[in-house]
Amino acid sequence: MSSKKQLAVNFLAQILFSVINLTISFFLVPHIVKSLNASAYAFINLSNDIVNYATLITVALNSIAGRYITLEIHKKKYKEANIYYNSVLIANIIMSLVLLVPMLLFIIFIDSFLDVPTNIVGDVRLLFLIVFVNFIMSLITSVFSSTTFITNKLYLSSIASIFSQIARCLVLLFLFGLFKTNVWFVGAASFASTLVIAISNYIFTRKLLPELKIDFKQFNMKYTMEMLKNGVWNSVSRLSGILQTGLDLLLSNIFIGAVAMGIISLPRTITSIVFSLFGSISSIFNPNIMQAYAKNDYESIKRQLIFAIKFTGTISNAFIAVFITMGLHFYNLWVPTEDCGFLYFLSVISMISFVITLPLEPVYCVHTSANKIKQPALVALGLSILTVAIVLIGVMLIDDDHIKLLLIYGTSTITGLLKNIIYLPVYTAKIIDEKWSLLYPSMLKNVLIVICTSALGLVLKNFMWHSSWILFFITCMILGLLFLYINFMINFNNEEKKEFIKIFKKAKKMLN
């Protein structure tokens, strides 16, 4: 399969997966909020956040393992690839056993750690148990997930994810259809989803990389420590991410209460889906960037990186402008019983940050490929500590709960934006031996385009419709296509436009 066709297939599969995931959340959230309340729904997000805290221990190894296995496979050093492969598998099993005890203790005494409404303590406890078991299964089987990346067949991973979302949907329909609404239903559905992905990734590994075989005797402590040594900075980066944005629900629960956590969880759901969607879109370029690095082809890395940033930015800019234009109407239709104006305001804060953040997602593959992750991790950690300090001091000095929520939600956006504007583009350009200003023209274009298209959208929406879901989606579709065209015409030169069109044409062929 050609490089362009692989990009098209990977792009289409990632989009289909994201659409299914978005559809499930679209129907699920208002149903839970209506049947229970927003604070009950927030515990679903909080359970996932706390699992992310546990990944601080595991991410050092698993975030870097794919790089080592990929490079050895491309160099046809299958013996070394197998040692890395089996070392990761055994290490993950050991880490799962280590994490089991603190997880169980937290579940048993959950109402001592968190503000949990007494009427749902048992349900929340069961939710956390299922989510933690899901995490352990995902951890043990994570080594199989790198196969589609190594072989640049990410579309297979996305197809598996689509089937996993179908399984998730079926479990949700079964449980919500037969029983009274409960928060742990979502955990059970996620478990079914993870099980499908785990089985699929194992099958892909057997079929695509028969050279990799499970053999516990090949566990090598030296190889494991090598990966841990280089991957520890990914743990620092993950810690930074948790301090930056992963504590908002927990801090809201502790310093304000479960109701406040419920309010903040709704815009968090939207921004998490958006971030995941565009992380998936940007990831379709990662295999080619890593292969170019393995060949020391810096010119190819530069060309692919700039195209990836423009490609991701073109789509994300259109989405952001549509949301800024129509976001308030979305919340009024989606969760009409909540304070929609405040929810929209919180979401716009994130969207402003996304104008810079989302298009820059491809740069992280350059850092990983070059094994240059120490300095970004330290910079991110410093900013994250500053963020937490500002928030903790603020919530203790401020009495108004809305301002507290705004502080908790908004501070990380400002500090993260500063990092992405001032530091990240310069460091990335340095890695590939280019001028410090390499990425700034594209970044500036994105900002100007979003400002102009958002202003245009706010004018045009007065002549369009948004009083029902059907009219809302028609309006969003019209605006989205218009904004996408504007981005396409401004962002790309003639040669890049041809590349962009080829990817979409190939994707369109596969739909027919």
Side-chain angles (χ1 to χ4, degrees), residues 32 36 39-63 88-145 164 167-168 171-172 175 179 181-199 216 219 224 228 231-232 234-235 238-239 241-243 246-255 257-258 261-262 265 272:
I32 294 178
L36 300 173
S39 59
Y41 169 74
F43 282 104
I44 298 169
N45 286 333
L46 184 60
S47 65
N48 292 320
D49 280 354
I50 291 177
V51 161
N52 283 333
Y53 306 159
T55 61
L56 283 174
I57 301 172
T58 66
V59 74
L61 181 65
N62 289 282
S63 62
V88 172
L89 179 60
I90 299 300
N92 283 338
I93 293 172
I94 294 170
M95 284 190 288
S96 297
L97 295 174
V98 170
L99 288 168
L100 193 59
V101 173
M103 283 180 172
L104 290 175
L105 288 174
F106 178 83
I107 291 168
I108 293 169
F109 300 105
I110 193 168
D111 50 338
S112 300
F113 295 106
L114 302 172
D115 176 23
V116 185
T118 54
N119 62 315
I120 60 169
V121 170
D123 299 333
V124 171
R125 191 174 280 127
L126 182 55
L127 167 68
F128 274 77
L129 176 62
I130 295 171
V131 169
F132 285 160
V133 171
N134 187 36
F135 164 68
I136 288 174
M137 178 174 66
S138 179
L139 173 61
I140 292 174
T141 60
S142 64
V143 69
F144 306 131
S145 64
S164 78
R168 180 184 170 208
V171 171
L172 287 171
L175 292 174
F179 305 101
T181 300
N182 203 305
V183 291
W184 66 263
F185 292 175
V186 180
S190 296
F191 179 84
S193 173
T194 302
L195 184 62
V196 171
I197 289 175
I199 294 171
F216 289 176
F219 174 78
T224 304
L228 283 170
V232 70
N234 283 327
S235 285
R238 179 61 61 88
L239 174 61
I242 289 171
L243 294 176
L247 293 177
D248 50 3
L249 294 180
L250 185 61
L251 291 174
S252 300
N253 183 282
I254 293 172
F255 288 102
M261 182 181 69
S265 70
S272 295

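In what follows, every heavy atom counts, from backbone to side chain, and hydrogens, waters and symmetry copies are set aside.
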* Taking all non-hydrogen atoms of both residues, which atom of Phe43 and which atom of Pro117 are closest, and how far apart? -> CE1-CD, 3.8 Å
* Asked: Between Leu46 and Val124, is any pair of side-chain heavy atoms under 4.5 Å apart?
  -> no
* Gap between atom OG of Ser138 and atom CG of Asn92 - 0.5 Å precision -> 9.5 Å
* If you measure from CG on Asp248 to CE on Met261, what distance do you get to the nearest 0.5 Å? -> 10.5 Å
* To do: Compare all side-chain heavy atoms of Leu100 with those of Ile136 and state whether any distance is below 4.5 angstrom.
  => yes
* Asked: So Thr194 and Asn134, side-chain hydrogen bond (donor to acceptor under 3.5 Å, both in side chains) or not? Walk me through it.
  -> CA-CA 7 Å; Thr194 302; Asn134 187 36; 2.7 Å; yes
* To do: Could you tell me whether the side chain of Asp111 reaches within less than 4.5 Å of the side chain of Arg125, counting heavy atoms only?
  => yes
* Between Ser142 and Ser145, what is the shortest heavy-atom contact and its length? -> O-OG, 2.5 Å
* Asked: What is the minimum heavy-atom distance between Val171 and Ala192, and which atoms define it?
  -> CG2-CB, 3.7 Å
* Please state whether the rings of Phe113 and Phe106 are parallel, tilted or perpendicular, taking 30° and 60° as the class boundaries. => parallel
* Nearest heavy-atom neighbours spanning Leu249 and Ala42 -> CD1-O, 4.2 Å
* To do: Quick one: closest heavy-atom pair of Ala188 and Leu175, and the distance?
  => CB-CD1, 4.0 Å
* Distance, nearest 0.5 Å, that separates CG of Leu104 from CZ of Phe109 -> 11.0 Å
* Structure fact -> From the list Trp184, Phe185, Phe135, side-chain contact (heavy atoms from CB on, under 4.5 Å) partner of Ile130 resolves to Trp184
* Asked: When rounded to the nearest 0.5 angstrom, what is the spacing between CG in Asn45 and OG in Ser272?
  -> 6.5 Å
* Kindly compute the distance separating CG (Leu126) from CD1 (Ile120), expressed to the nearest 0.5 Å. => 12.5 Å
* Are Leu99 and Phe132 close enough that some pair of their side-chain heavy atoms sits under 4.5 Å apart? -> no
* For Asp115, does its backbone N or O pair with a side-chain atom of Asn253 as donor and acceptor, under 3.5 Å? -> yes
* To do: Measure the spacing between CZ of Phe216 and CD1 of Ile90 and express it to the nearest 0.5 Å.
  => 4.0 Å
